[in-house]
Each structure stands twice: as structure tokens, then as C-alpha cells.
Amino acid sequence: MSYTPSKIEAKWQKKWDDEKAFEPDDELTREKKYILSMFPFPSGRLHMGHVRNYAIGDAFARYYRKQNFNVLHPIGWDAFGMPAENAAIQHGRHPKEWTYSNIDYMRKELNTLGLSFSKTREFATCDPLYTKWEQEFIIKMFEEKLLYRESTTVNWCEDCHTVLANEQVEEGCCWRCDNTVELKEMDGYYLDIKRYADDLLGDLDSLEGKWPSQVITMQKNWIGKSQGLEFEFELSPSSKEKLGGNFDKYTVFTTRPDTIYGVTYTALAVEHPITKYLIKHNLLNESITETKTKVIEKTDKKSLIETYTETTTIAEKIKTITNMTEIERAKEGKEGYDLGLSVIHPLTGEEIPVWTANFVLASYGGGAVMAVPAHDERDFEFATKYNLAIKRVIAGGDALPYIFEGNLENSDMFSGLKNTEVKSQIIEHFEEKSLGKGTTNYKLRNWGISRQRYWGAPIPFVHCDTCGLVAEKVENLPIALPDDVEITGEGNPLENHPTWSNCACPQCGKDAKRETDTLDTFVQSSWYQFRYATNPKKWNDVGIDKEEANYWLGVDQYIGGIEHAILHLLYARFFTKVLRDLGYHNIDEPFENLLTQGMVLMDGSKMSKSKGNTIDPDALIEKYGADTARLFTLFAAPPTKELEWNDAAVEGAFRFIKKLYDRNKKVTSRTLPKIEQSSLSKASKVARVKVYEALQKSSAVYEKTFAFNTLIASCMEALNALDKQDNGDVWTEGMYIMLNLLEPIIPHVATELSQMLFERENLGVQLTVKEEVFVQDSILYMVMIGGKKRTEIEVSPSSSKQEILIQAKEAGAKWLEGMIIVKEIVVANKLVNLAIKPN
RNA sequence: GCGGAUGUGGUGAAAUUGGUAUACACGCCAGACUUAGGAUCUGGUGCUUUACGGCGUGGAGGUUCGAGUCCUCUCAUCCGCACCA
């Protein structure tokens, strides 16, 4: 009987289904393991990245189930999002129909992989029942003032026709479609993630060693905490007058209070209220004339260049900057304009000019900076370009800017002190005189969650002319999407719907308008790990069951792509903390251990449809079976590394399974035999050593190193060694153990053989390593002389160190001639090393 | 520029954490069985040398009896952030 994967796999998949084999206990008594692979977006078809992700997760789940843990291993669908609307635009399919039919198709594909998912806990995030609870959370957050609405500059993607969060902008482009992101002023809903900045940063320490350090650092940098001094610049009397008495002062933040005496100018962002005021009141109409060049004709070899002058105003120039993205501004180089204002230095009382500059970020530190050109590269570049004063206040080096440590000079009472030590003193000085205070700033910006799209969870708010912004009543949830929409790609389909937004104000009952923005899809993936943990029997009644959440979370092993290092993983951590503080559970961190899997590559680059270098999992499974697909995926590379696809190597994996299957005929009894070690041939002893080495490796791999590739290699070695001997008992023991070890990786064939040979008894037992297997009759020692490997000796295990040395010297006599032994080293069970020098 | 990683045969990769570098697999070579085989099985396969031997983990030093592993410097590649005051 030869190996026929299609039959075996269908048989066991059906059996597992019938037996409901992978549902966790409802009783929360046993020790638990929560194994979670990031849930897929129902794009239509599975790709190899999915196969890898779920093969890894399934190996963990099956391993821990075998160790008698109560295992939660769920799957679901991250089902809202743009592609569903694109399908509607391109193929006229309704997003809902498109999404659910994709889910049905992909569920079948996942089934053919034999993954041990809980079937009862599956859901799609577009299910109204999921939306219902999400909307409740959103309303609770609003009540806690964690959610607010404001008008501000946002990242806008014209292609996706929606706003993007900061985290969704990659090098100035949309994370999804790569279109250049524009800035736009508009209303939107925000979650105050900054309130949790310190918590999110601090708790990263508890993930040290359990998350890849790379991800931890990326999150740290993204949060970007910095400590320093915040103080105010008072405007000079004439400047106040110029500003019509509307401004007295403004705040700046610095991490370098030690350079405070070196401030020679200050710069405002172009979006700063003072800059805006000056433009609005025509106070920056001074004209500037620039000489520019233009290519008017280009022939083969020469370009005809014309020089011309252009006259414009400062106000116009500033407006141009305002319309540029941060990246464009950075490319332009430093640019700025004298605002014709001055402020008073808080310590020296000097008058300091006020500029506006393109490198000052509106969104950080109040949109204004103090400038110390002598000790800051950016300030220096700007001061040099515009001939501004430069004042050195730290001694050291010849060249400016000097950005290293040194003693202060020209700094009044602080002169002579070391700059690194004086920072806190200066902050204290400001605090004593009530001029400023020590403070902390974050790069992290609040999470904009409004999307001007149809296929998302409606934001459950109502605009009432009388009451303003009002949250929907919880008993009215979910606010569901209308089915009858026209999706054209133009504008927001919810906004264009004739009646959907009409409603009664939940507060006063008058006619009001429903919010037409929907939630960012990352909101759904921020709490799904809690939904799975809640028993489906309760899904109608609660969003998250507290007791069950506390039992199952944090996720013991989370597996997914590195591309979520910031986005999803930061949002989910944030949501976890917020829901904790809202009383839904007591968990601080959602994902206890994180494994970031590498990409699946073909010819060195990422598999993608556009490149035509994809491998279709369905075809692969049809040809070789799911077990081969899984085995290859786990064998070809360690899970965190990139996986280079190789058709020939897939054949190799297939060959191993066939060979394993074929050796069923070597098994001579239906239970684990007792073996008398001393009666065995040398080859049989070696085989046993290999089998038990694989067993030893197994727990280390599943619990520590995750190097499935080495566990598989160990099993291959064991099978090769078994093949070199013919003892039926050793074969039986070897197969008994190996099938147990391989079941999490190649479950169908391992279960089939276990059933056939041992009635699956071997899959349920706790195997222990038999140390006597490793005891050898003689031990091979390498003999090194003068640091070089020279020969080998066979030593009895009972030999003393002295005996071993004598034996080694005899064997190595040839190399010791005319030498004096300087040092003798014996490493137990390994080697002898004799250090020598000429006599 | 800042931060994080990674460099080992023709290829994917191992190496019990300082102890025989290249396990396992692919590929390649030779052989067996075959009408045939892109099937299966067996053996070989780091470089160099006629040989003894020598050299080999990106490069250069160092520590050590002993270094892929530890230290210093350096080069290359990949990823993330990107004027955060």
C-alpha cells in the first residue's frame, strides 16, 4: 500500500470535524495555552504566506494539546476594508457578498491544510454582532474622553478617498495603494493614544526576551519619548502691538536646556497660530524677488536655459510651504522668513528675532522652537543661510556646530559647569522662577480612526443641531450598514445614501444626522483576541467575558508578519490597556510571546501576483498533499527567516513522508517494546541515540528555539539511522516516538500511521528520554596537539583523566617528538588538547 | 543621519552557547534496477596539493590550550525611522 495523501488527509479532516477535536474546554480548570496566528483578510485566495503562518501556529497548538494543555487556537476574518469596495467598483459585486463568498472559499482552503482550529469561535469582523460590541467600546471611550472629534490637518489618500493614520503613511505614501499622501484640513475622530504613551512604552520592558527586540525598539522609537524643558517666550511690546494684542507669548520645548544661553533666534512652524495670524492680517506682504532659471527647450545635446525673475510675497512663500508634506519640505532644504517680531529671552532679557521655518513641525512641542545655532546642526544650517547670530555656550572642538559634551561658557552663573550635569539645574532654575517646567514629549500622535468609506464599522455618533455631537444609545447598537448603496468610487457611499443618515437625536429626539465616517479597520483587529476568548454561547450578551478573558489572555504565542510591528501591534496593545481600564478584563499586555515570521520568497523577491512568481497553495496540496506543504514550509528555513521557495526541495519533503509511510512495515508490535540495550548491534544503538536525540530536541524546539527545521532534520537523521539496522523492536520504538514528534507538523500522515500501528496510543502519551540509550561502550576523543586536530583515541567510559592523557600521548607520539608539553587539557567526552613548544 | 539585524559549501541551512565547522535537505557526480524515466535504491561531494599536509565561517587584528561563537576596528547587504528641537 503506497502513500496517498488525498485519501488520508480527507479521511482525518472529516474525522476531526466529526469529533469536534479541537474545541477548548468550557471549564477553565486545566492549564491553558492560547495560540494565535494573525487572522487573514478575506482577499479571495490563500497564499503561501498564510500557509506558513498557519503551519507554524498549528504546530504549537497541536504540540501543547499533546502536552495536555487546554488549547485555544481560533481563526476568523479581518473582513472590513478597501479591497471589498474596489471589487464593487471593478466587478459590480456588493462588498458584503464579495467578502462572505471569499470567506467561504478560503475556509475550504484552510480546511484542506488540516489546521486544528476551533470551529465554533470563528467570526468575521464585519458580522453585525461584532460591530455591536465594538461600537459599545467606542462609546465608552467617548464617555471617558479618550475619543474626541476635531478638525486638523490629516493625511489624505486621494486614491483610497480616505484619511490615513500616521502609522499608515509609509515614506509619504499610502500603506495600501502607495499613492502620495496629501495634507488636508478636515474633521475626524481621534483616539487619545498619547494618554497611554508612557504605559505603552513602560510595558515594553515586560516583553523583553519574549518579543523580537527589533519590534520592541521600533515601538520605542515610534513612541519617541523625550524629556526636557518647556518654557514660554514673551513677545516684545512692539510685537504684541503688531499682533493686535492677540498674543502675549508662546511655548517652546527643548531637550537641551543646557544651551539656553546660546539662543539667538526662535522659529515657528508655518502652521503656528501667530504665523497664520500675520498672513491673515496681511502683515507679511513684503515682496521678495528671486532669480530663477527655467529650461525652455531641450535638444539632443544642449538645454536652452532662460533666466527670469519672480516677485512674490513672504505670505505667498509661507503658503506654499504649508501645502507641502513633511517629506517634500525636507527635500527642499531649510527655508524660512523673518516674521518681523521679537521675543524676550527669559534669562538674559535680550530681544530675539522670530522666524518661521519649514523644518519646524507643527505637531510636536507646540510648533515652535528655540534655536541654538552654535550647538544644533539644523539651527546652524538655518542661521548660516540667513545670516543670523551664532553664540557659543559650550566649550570644546574648533568647528561649529559643536554638538558634543563640554563645559558651559557665556552662560552666566552656569558657566564652567559640565553641560550634561547642568540640564536639571537649569530646569530647576526655570521652575523656581516660574518661567517654565521640566516636561516629557512624545513623537507618537493620536490615532485618527475616521475613514470616509462604506465597508467599515459605522462610527456610532449623531450630529444634532441642538445637542451637538451625541453618542448613540447603547441599546440601539449595532448601527449597521445599509445594504442598498451605490459604490462608484466617487465620494463616501454612506454620505451619498439618500436616507441612511437620517435619524432622531438620542438625547433630544429631534431630527438629526448620523455620522457617515466608518472606523479604521485596525480597530477591529485591536480586540479580536478578546472576542475569541469569550465563549461563543455568550456572544449575544457580552462583547468580552471578563473571567474568560482573564483566563485565556495574554496570548501565549502570537504569530504574524513583521509588517505589523507598529501598526496592529501598537493599536492592539493600546486597546488592551483601554479595555482593561474600562473594566472589561485585567490584562496588561495582549500578546505574551511574539514570533514574527519571515516572508515567502521566490527567486529572491516577494511572491506577488503582479510579478507572476506565486505558488498556489491549492495546486501544491493537490499534487503533494497538505502534509508535504506543511513539512516543506517548516523545514526549509527557521520560521523567523525569509523562506526561499524551491520546487525540488518540496520533492525532498514529499520523499521523506513517503519513506516514513513505507517503513510502517518495519513495525513489529502494537505497543512500545521493552528493549535490552546491551543486546543491540552497534547500528541499532546508534539508531536509538538518534531517536532519543530527536525526542530531546522536540521540547526545546516547541518551547524555546522554534527551530522546527532542526527538529525535522533530527527526525530525518533518526529515520536514516533506523534504516541502517534491522531490529524490529528498535524500529517499533523509533516509529512510536517519531510519529508523536511529527504529528504537529504532518498531522494527517502521522495520525494515519499511528492509528494503523499503535491505535494512536503513541500520540496521547508523555514520552520521556531514556538516559541509558546515550551510555556508550567507548568514547571517541579527539586528540589536539599544538591547537591542531591530529588523531583520535577510543577511551573506556571509566578511564581516569590520567589514563586518557597517557593514551593520547601514545597516539600522538609522532607529533610530540622534540617538543615539551606546556599544558594538558581534557574536556570530558570530547577531546584532549596538548599545548606544546619546541624543546 | 539615527536605530535594529544579517554575512558559513554550488543552494536552503546546522553547530549541545568557547570544544572534531558544514548535521539535514536540495543540487551535482558515479553506480544499481529498468524498454524507459524528471521514479526508486546505493555510494561520493568545502577549497587546495601527486602525496604528507596546508587553507577555510565577509575582511583585519586581539583574548584563549582551543574562536563561526567573546573583544576591537572595518566592509557589504537587508529592514525600520527619518529635520521630533
Side-chain angles (χ1 to χ4, degrees), chain A residues 170-172 212-222 224-226 228-229 252-256 259 266-267 326-327 329-334 357-361 363-372 375-379 381-382 441-445 562-563 565-566 599 601 631-632 635-638 640-653 655-656 658-659 662 693 696-697 700 707 709-720 723 780-792 821-836:
Chain A
E170 294 168 350
E171 292 183 21
S213 58
Q214 193 196 169
V215 177
I216 294 179
T217 339
M218 278 166 74
Q219 291 217 354
K220 278 187 183 162
N221 293 342
W222 190 263
K225 179 178 181 168
S226 52
L229 168 70
V252 294
F253 171 74
T254 180
T255 54
R256 295 294 305 276
T259 63
T266 145
E326 283 179 20
I327 293 188
R329 293 183 201 185
K331 279 192 195 136
E332 270 315 282
K334 303 276 178 289
N358 67 343
F359 66 90
V360 180
L361 303 174
S363 52
Y364 186 83
V369 297
M370 68 177 215
V372 186
H375 304 291
D376 180 280
E377 284 170 331
R378 291 157 305 179
D379 297 347
E381 193 188 330
F382 192 80
N441 248 311
Y442 299 92
K443 283 195 213 176
L444 184 68
R445 296 177 202 177
I562 185 81
E563 66 271 19
I566 291 176
M599 279 192 301
L601 305 181
L631 182 69
F632 171 75
F635 178 59
T640 53
K641 267 193 110 162
E642 291 177 335
L643 169 64
E644 178 68 35
W645 194 262
N646 180 338
D647 284 325
V650 176
E651 290 276 354
R655 211 172 295 152
F656 170 73
K658 277 194 288 187
K659 186 166 154 185
D662 173 75
E693 273 175 358
Q696 231 168 11
K697 187 141 222 156
N709 53 332
T710 65
L711 174 60
I712 295 165
S714 277
C715 289
M716 288 174 168
E717 275 187 73
L719 191 61
N720 290 344
D723 250 339
L780 204 61
Y781 274 72
M782 173 188 58
V783 179
M784 291 173 79
I785 294 168
K788 288 191 164 72
K789 179 192 165 188
R790 290 301 184 191
T791 184
E792 284 171 348
I821 297 174
V822 192
K823 199 163 180 180
E824 299 169 339
I825 286 145
V826 178
V827 181
N829 301 324
K830 288 258 155 61
L831 58 85
V832 177
N833 192 359
L834 304 171
I836 51 171

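What you are looking at is a predicted structure, and each value in this text was computed from that prediction instead of being measured. Order of the sequence lines fixes the chain letters, A, B, ..., with proteins taken first and strands second; residue numbering starts at 1 for each chain.
Annotation: rG38(B) and rG10(B) have their P atoms spaced 26 Å apart (nearest Å). For the C1' atom pair drawn from rA82(B) and rA14(B), the interatomic distance equals 38 Å after rounding to whole Å. rA51(B) sits 30 Å from rG19(B) when the C1' atoms are compared, rounded to a whole Å. Straight-line distance between the C1' atoms of rC47(B) and rG43(B): roughly 22 Å, to the nearest whole Å. The gap from the P atom of rA39(B) to that of rG27(B) amounts to 8 Å, rounded to the nearest Å. Rounded to whole Å, the separation between the C1' atoms of rU74(B) and rG12(B) comes to 29 Å. Of the P atoms belonging to rG62(B) and rU69(B), the separation is 14 Å, rounded to the nearest Å. Nucleotides rU48(B) and rG4(B) place their C1' atoms 39 Å apart, quoted to the nearest Å.
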Worksheet entry | Step-by-step side chain to side chain donor-acceptor pair (under 3.5 Å) determination, Asn709(A) to Lys641(A) | CA-CA 11 Å; Asn709(A) 53 332; Lys641(A) 267 193 110 162; over 6 Å; no
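When Watson-Crick and G-U wobble pairs are counted only if both distances are under 3.5 Å, rG7(B) pairs with rC75(B). Partner assigned to rC41(B) is rG31(B), using Watson-Crick or G-U wobble distances below 3.5 angstrom. Pair assignment for rG66(B): none, as no Watson-Crick or G-U wobble contacts are both less than 3.5 Å. Pairing partner, rG18(B): none, since no Watson-Crick or wobble contact has both distances short of 3.5 Å. Checking rG80(B) for Watson-Crick or G-U wobble geometry (two distances, each under 3.5 Å) identifies rC2(B) as its partner. rC24(B) and rG12(B) make up a base pair, with Watson-Crick or G-U wobble contacts both under 3.5 Å. In this entry rG46(B) has rC55(B) as its Watson-Crick or G-U wobble partner, both defining distances falling under 3.5 Å.
Put simply, the side chain of Lys697(A) does not reach to within 4.5 Å of the side chain of Glu693(A), judged on heavy atoms. Using a 4.5 Å cut-off on side-chain heavy atoms (C-beta onward), Lys225(A) and Asn441(A) make no contact. Using a 4.5 Å heavy-atom cutoff, the side chains of Leu834(A) and Lys823(A) are not in contact.
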Check nucleotides 24-29 of chain B for protein N or O atoms closer than 3.5 Å to its own N or O atoms and list the pairs.
from    : atom 1 : to        : atom 2 : distance (Å)
rA25(B) : OP1    : Asn720(A) : ND2    : 3.2
rC26(B) : OP1    : Arg655(A) : NH1    : 2.6

Using nucleotides 16-19 of chain B, report all nitrogen or oxygen pairs with the protein that are shorter than 3.5 Å.
from    : atom 1 : to        : atom 2 : distance (Å)
rG19(B) : N2     : Asn833(A) : ND2    : 3.4

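Here rA14(B) presents its P atom at 13 Å from CG of Leu711(A), a figure rounded to the nearest Å. Note: CG (Asp647(A)) to P (rG38(B)) measures 17 Å, nearest angstrom. If you measure from atom CD1 of Ile216(A) to atom P of rG80(B), you get 19 Å, rounded to the nearest angstrom. As rounded to whole Å, 13 Å separates atom C1' of rA13(B) from atom CD of Glu644(A). Protein atom CZ of Phe632(A) is 12 Å distant from nucleotide atom P of rG12(B), rounded to whole Å. Note: CG (Leu719(A)) to P (rA23(B)) measures 18 Å, nearest angstrom. Here rG12(B) presents its P atom at 12 Å from CG of Leu643(A), a figure rounded to the nearest Å. Rounded to whole Å, atom P of rA5(B) lies 17 Å from atom CD of Glu642(A).
Put simply, Thr255(A) has no side-chain N or O that comes within less than 4.0 Å of OP1 or OP2 on rC84(B). Here Lys823(A) reaches the OP1 or OP2 of rC65(B): one of its side-chain N or O atoms lies under 4.0 Å away. Distances shown here put every side-chain N or O of Lys331(A) at or beyond 4.0 Å from the OP1 or OP2 atom of rC83(B). OP1 or OP2 of rC84(B) has not a single side-chain nitrogen or oxygen of Tyr442(A) nearer than 4.0 Å.
The side chain of Phe359(A) has rC83(B) as its nearest neighbour among rU20(B), rC83(B), rC84(B). Looking at the side chain of Lys789(A), the nearest of the listed nucleotides rU20(B), rC81(B), rG12(B) is rU20(B). With distances taken from any side-chain atom of Asn358(A) to the nucleotides rG4(B), rC81(B), rC83(B), the minimum falls on rC83(B). When the nucleotides rG80(B), rA13(B), rC83(B) are ranked by their closest atom to the side chain of Asn709(A), rA13(B) comes out on top.
Under 3.5 Å, the side chain of Arg256(A) and the base of rA85(B) form no donor-acceptor pair of N or O atoms. For Lys334(A) and rC83(B), a side-chain-to-base donor-acceptor distance below 3.5 Å is present, hydrogens and geometry of angles not being considered.
Separation of atoms CG (Leu229(A)) and CE (Met370(A)) is listed at 7.5 Å; rounding is to 0.5 Å. With rounding to the nearest 0.5 angstrom, the CG atom of Asn221(A) is 12.0 Å from the CD1 atom of Ile216(A). Of the inter-residue distances, the one linking Phe656(A) atom CZ with Asn720(A) atom CG reads 8.5 Å to the nearest 0.5 angstrom. Annotation: the span from Asp376(A) atom CG to Thr259(A) atom OG1 amounts to 8.0 Å, rounded to 0.5 Å.
In this model, a donor atom of one side chain and an acceptor atom of the other lie less than 3.5 Å apart for Tyr364(A) and Ser226(A). Between the side chains of Lys789(A) and Asn833(A), no donor-acceptor pair of N or O atoms lies under 3.5 Å.
With a glycosidic angle further than 90° from 0, rG56(B) counts as anti. Applying the 90° criterion around 0 to the glycosidic angle, rU17(B) comes out syn.
Using a 4.0 Å heavy-atom distance criterion, Pro638(A) is classed as a sugar-phosphate-only contact. Looking at heavy-atom distances under 4.0 Å, Val822(A) makes no contact with the nucleic acid at all. Counting any heavy atom pair closer than 4.0 Å across all strands shown, Glu792(A) reaches a base atom. Within 4.0 Å of Arg790(A), counting heavy atoms only, lie sugar-phosphate atoms of the nucleic acid but no base atom.
With the nearest nucleotide of RNA chain B identified for both Asp379(A) and Thr217(A), Thr217(A) has the one nearer the 5' end. Where Val369(A) and Gln214(A) each meet RNA chain B at their nearest nucleotide, the meeting point lying more 5' is that of Gln214(A).
Seen from the ring of Phe382(A), Lys334(A) does not count as a face-on cation partner, given the 6.0 Å and 45° thresholds.
In this structure Arg790(A) satisfies the salt bridge (charged side-chain N to carboxylate O under 4.0 Å, His left out) test with no other residue, sequence neighbours excluded.
No more than 12 heavy atoms of other residues, nucleotides or ligands sit less than 6.0 Å from atom CD of Glu377(A).
The aromatic ring centres of Trp645(A) and Phe632(A) sit less than 6.0 Å apart.
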